Every structure is written in C-alpha cells, then in structure tokens.
Amino acid sequence: MQENDLIIKLEHLSKEFDGVKVLDDVSLDIKKGEFVTFLGPSGCGKTTTLRIIAGFTKPDAGSVIMEGKDISEVPPYRRPLNTVFQRYALFPHLDVYDNVAFGLKLQKVPEDEIEKRVKRVLKLVSMSDYEDRDVESLSGGQQQRVAIARALINQPKVLLLDEPLAALDLKMRKDMQIELKEMHKKLGITFIYVTHDQEEALTLSDTIVVMNEGRIQQIGTPIDIYNEPVNCFVADFIGESNILKGRMIRDRRVAFIKHEFDCVDEGFGEDVKVDVVVRPEDIYFTTDPAKCQFKAKVNSCTFKGVHYEMWVDTDTGYELMIQDYDPYPVGSEVMLYIDPDDIQVMKKEREFNSFAAKVKGEGRVEFLDTEFECDTQGFEEGEQAQAVIRFEKVDLLDHEEDADLTGNVEFILYMGDHYHLTIKTDAGENIWVDTNDIWDKGDFVGIKILPGDITLHKVASGNE
Ligand code: ATP
C-alpha cells in the first residue's frame with residue numbers, strides 16, 4: 001500500500017486500565033475512503049481503540065499517525081474527525097435544525113452558510129422534512145440520523161462510529177445499515193465503525209479488523225474473514241462453524257473426524273496437528289455411494305427461515321452442524337461429502353498449557369500466583385521452569401473449596417466431541433481446558449490440577 005493512500009496509521013498501541021492490559025500492541029493501516037470495522041466481543045478493546053483515534057483516551061504506548069503526521073498530542077477537537085456514539089447525545093431542548101447547527105453557531109459561522117450546510121447534511125441523512133421537529137419526538141433511528149448529520153456538518157475526513165445502531169430494533173438497524181453504506185459511498189470519506197455484531201460487520205465493511213482480548217486477530221475483507229479464518233476464535237466468532245481437531249497427513253491431505261479428506265492446503269508439514277474449520281453449508285448430502293466420504297445419522301432438524309439446520313452424529317462419534325435447503329428426517333442415515341476447497345486448515349495455536357513457574361521447594365512449584373504440588377526431581381529450589389499441563393488434565397469445579405485457584409469461563413468452542421474452554425484465571429492469565437461438561441460463558445469456576453498432571457521442563461539458562 002502506498003503511504004499517501006493511508007489516512008490513519010496506528011502504531012503499536014497499548015493501554016492498561018487498573019493494571020489490566022486492554023490493548024496489546026495494536027498496529028493497523030487505514031486507507032482513505034475505506035469502511036473499516038472493529039469487530040469483537042464485549043471488552044476486547046474496540047471502543048478503547050476508537051477513543052484513542054478520537055483523542056479521548058491517551059495510549060500508554062504507541063502513536064496515531066494521520067496523513068503522515070503524528071497526532072498523538074493533538075486534542076480531540078483539533079483532529080479532522082468526528083464521532084457518533086451509541087447514545088445519540090442530542091440536546092433535548094433544541095429542534096433538529098439547531099442540534100445540527102450547534103457546532104457551527106459556536107464557531108460563529110455566518111447564518112446563511114450554516115443554513116446551506118445544515119440543509120445539505122439533513123438531506124444526506126434523509127431528514128430534510130424534520131428541521132423543526134423536537135428531537136424527543138423522533139424515533140431512535142431518526143435521532144441517530146440527526147446525530148450523524150451533526151457529526152458530518154464539520155466535513156470531517158474520518159467519521160468514527162461507536163455501535164451507532166445498537167439501540168435500534170432489528171428492522172430499523174437493517175434499514176440504517178443500508179443507509180450508512182450509501183452515505184459512505186456518497187461522501188467518500190473514511191468510516192471507522194465499532195460493533196460486536198458480526199452480521200453488521202460483514203454487511204457494511206470493506207475491511208474487518210477482528211479483535212479479541214486487546215489484540216488484532218485478523219484483518220481482511222468480509223469474504224476473506226469468512227472463508228479463511230486464521231484461527232478458531234475468528235472461525236467461531238464469524239458465522240457458524242464446525243471446528244475440529246485434525247492432523248495434516250501431507251500437503252493436500254488432512255484427517256479429521258477419524259476420516260481422511262483431500263484439501264487445498266500446503267506447507268504445514270507431514271503428520272502435524274492442526275485445527276480444521278468446515279462451514280455448515282459446505283457439508284453436502286449425496287445418494288451416490290461413490291461420492292460419500294462418511295456416513296452420519298440425523299439428530300435434529302430445525303427450519304431457520306431460508307435453510308434447515310441439522311445436527312448429525314457421524315459414524316465415528318462426532319457431532320456436526322449442516323445447513324441445507326432440504327430437510328432430512330431425524331433418525332435417517334445419510335451419506336455426506338466435503339469439497340477440498342471448503343476445508344479450512346489452521347495452524348494450532350497451542351497444544352497444551354504452559355506457564356512460567358518457580359520451584360518453591362521439594363515437590364512444590366508456583367505458577368498462576370498459586371502453589372501446586374508436583375514432581376520437582378532434577379530441579380533446585382528457586383529455579384525457574386516451565387510447567388506444562390494437558391488441556392484434558394485441568395479439572396473444573398462449580399465451587400471454590402478444593403480448588404487450587406478460580407477463574408471465569410471466557411470463551412467456549414465446541415470441537416465436535418468435546419468443549420475447549422478458555423478460562424481467565426484470577427491471576428490474569430488464561431488456562432485452556434478440554435472437557436465434556438457443559439459450562440456457560442461467564443461461569444465462575446474452581447480450577448484443580450493434580451500433582452501428577454503437572455510436568456516441569458527446564459528453561460534455557462539465563463532465561464529468567
Ligand atoms: P464493548 O463492546 O463492551 O464496549 P469494547 O471491545 O469496546 O467492548 P472497551 O470499551 O475498549 O471494549 O473496553 C476494554 C476493557 O477496558 C474493558 O474490560 C473495559 O471494562 C475496560 N475499560 C475501558 N475504559 C475504561 C476506563 N476508563 N477505566 C477502566 N477500565 C476501562
């Protein structure tokens with residue numbers, strides 16, 4: 001990308017609140033005229049990033065470059081951008097015209113110029129007939145249009161939108177999405193949008209920036225992000241997915257659900273553990289035994305408006321979700337296949353838990369701010385080590401007694417025959433758990449690790 005095609009460059013932004021890192025080394029290039037969306041679950045740092053761009057929040061590290069100039073020290077009102085918030089923040093005692101004209105009146109812009117500009121932006125947001133209306137008599141969608149008009153009146157180069165449609169009902173939200181996209185096209189300015197709604201992001205954006213836990217997970221077009229998620233988090237967050245453990249046998253050949261498939265992926269190596277994503281609409285039914293790659297039994301079938309959603313049990317004991325325009329009766333035996341193009345192979349992010357640990361004495365080690373019993377043979381007291389625990393060896397309890405430490409369920413992935421959980425421990429670090437038990441996001445859990453399930457590894461000398 002040419003440097004002068006860029007309007008904003010975020011360079012290594014980091015931010016902590018109360019000792020908790022909410023942004024961790026966020027870097028991003030935003031092109032002039034682009035519609036960029038920050039997408040991610042609540043608390044992932046989207047709004048903080050937007051507020052840093054706007055100048056309302058100061059980063060602990062990193063800088064914001066706008067058209068080649070570092071604007072990190074420029075106050076918000078001097079930045080050539082404007083923000084639309086989720087709550088419309090209109091002045092209730094002023095009518096539509098005066099709400100939109102407010103900033104220009106403060107700047108003492110001549111009355112006839114104000115009128116021209118107010119009329120132009122109200123036309124742009126389809127609110128020309130509402131100039132004299134009291135803002136409180138408007139619907140949520142109309143109030144948000146007024147808020148957008150007010151943000152556009154100063155002709156910003158960049159419009160920042162923080163979940164601007166979140167307070168609207170579904171129908172109004174859909175209508176406003178179409179209008180926002182048209183507005184963006186007409187204006188030609190850069191829109192930076194924040195949402196946790198993946199469908200909204202896919203509908204609106206040229207580029208989606210998927211965030212989780214203060215880090216950018218993937219940057220790409222909606223189609224790239226949907227078709228080629230880089231990790232399980234993105235695959236699960238965008239659309240429905242079957243996410244499964246797999247093994248790359250060699251280039252273009254992968255095994256999962258205890259069957260082998262041709263795929264298009266190369267360069268992973270031979271006999272390498274991977275994660276595999278197959279979208280539910282990419283598993284096909286067939287009546288031709290020659291095409292059939294595996295058999296399954298239909299477990300449930302639900303009409304979803306356009307397609308049917310079916311859960312099937314494979315002949316090898318995995319549960320898969322399939323979407324098809326035709327329903328298959330519950331209990332029926334079906335033959336299925338997946339095209340090589342529709343199998344997305346991803347590098348495994350981690351294969352086990354690994355924590356920096358300190359040997360506290362014979363049979364005792366500390367990590368996650370907690371002392372555990374384990375075999376310390378071959379280690380000296382005070383020695384640094386790496387404590388390794390397999391995902392399935394971490395026990396979760398629904399109470400605190402008997403637990404070594406506690407945490408909360410952050411993220412749940414169903415992997416076809418078990419759940420893979422991310423637990424945010426009270427020590428601040430995550431621990432990952434494979435389990436057959438059903439937990440909900442946000443659940444408080446006790447975490448128990450038996451002494452025999454912790455393996456200590458030596459760390460390279462000099463590595464504190
Ligand atoms: P949401 O969609 O819920 O707004 P988000 O992805 O926009 O989520 P942020 O608003 O950026 O997330 O917040 C990231 C984290 O930082 C959250 O845990 C939030 O509670 C915390 N946080 C944000 N602002 C502050 C603040 N001023 N003081 C303390 N903590 C804050």
Side-chain angles (χ1 to χ4, degrees), residues 8 10-28 30 35-64 72 75-76 79 81-89 140 144 147 151 158-168 170 173 176-177 180 191-205 207-219 225 231 233-234 236-238 406-412 422-430 440-444:
I8 288 179
L10 305 181
E11 290 184 336
H12 306 290
L13 295 178
S14 292
K15 180 74 189 170
E16 277 187 14
F17 286 116
D18 309 324
V20 179
K21 204 157 220 174
V22 300
L23 279 190
D24 189 2
D25 198 20
V26 167
S27 293
L28 177 71
I30 299 176
F35 197 129
V36 182
T37 300
F38 289 104
L39 172 68
S42 182
C44 73
K46 314 176 290 284
T47 299
T48 303
T49 310
L50 201 77
R51 289 178 61 83
I52 289 175
I53 299 173
F56 300 131
T57 298
K58 211 171 155 45
D60 299 334
S63 36
V64 180
S72 307
R79 300 187 181 196
L81 34 84
N82 223 329
T83 311
V84 178
F85 299 98
Q86 179 180 336
R87 309 237 161 263
Y88 329 116
Q144 197 55 299
V158 178
L159 189 65
L160 307 175
L161 301 117
D162 190 359
E163 306 237 13
L165 310 184
L168 307 181
L170 185 64
R173 207 154 67 220
M176 283 292 286
Q177 285 172 6
L180 271 177
F191 277 32
I192 306 179
Y193 197 92
V194 161
T195 183
H196 62 270
D197 179 340
Q198 43 109 357
E199 206 186 312
E200 190 160 288
L202 292 173
T203 307
L204 289 172
S205 326
T207 302
I208 298 178
V209 180
V210 185
M211 293 184 71
N212 189 34
E213 296 196 343
R215 285 172 183 247
I216 294 180
Q217 304 287 313
Q218 188 167 2
I219 303 169
I225 300 255
N231 59 33
F233 173 81
V234 177
D236 184 66
F237 197 72
I238 313 278
T406 56
N408 287 88
V409 179
E410 276 271 306
F411 185 57
I412 304 170
T422 307
I423 312 290
K424 181 135 208 159
T425 68
D426 294 338
E429 271 186 85
N430 289 338
D440 288 321
K441 192 166 181 246
D443 278 353
F444 173 79

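What you see is a predicted model; the values in this text were computed from it and never measured. Both ligands and their constituent atoms are indexed starting at 1 by order of listing.
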- Task: Apply side-chain hydrogen bond (donor to acceptor under 3.5 Å, both in side chains) to the pair Y193 and E200, showing each step before the final yes or no.
- Result: CA-CA 10 Å; Y193 197 92; E200 190 160 288; 2.8 Å; yes

- Closest non-hydrogen contact found for R173 with L168 is NH1-O, 3.3 Å

- List, ordered by chain and residue number, the protein residues whose closest non-hydrogen atom lies under 4.0 Å from any atom of ligand 1. F17, D18, V22, P41, S42, G43, C44, G45, K46, T47, T48, E163

- Message: Could you report the tightest heavy-atom contact between P41 and M211, atom names first, then the distance?
- Response: CD-O, 3.5 Å

- Task: Measure the shortest side-chain to side-chain distance between I53 and L81 over non-hydrogen atoms and say whether it is less than 4.5 angstrom.
- Result: yes

- Item | Pair E213, N430: side-chain N/O donor-acceptor within cut-off below 3.5 Å | yes

- For T83 and A151, work out which heavy atoms get closest and say how close. O-CB, 4.2 Å

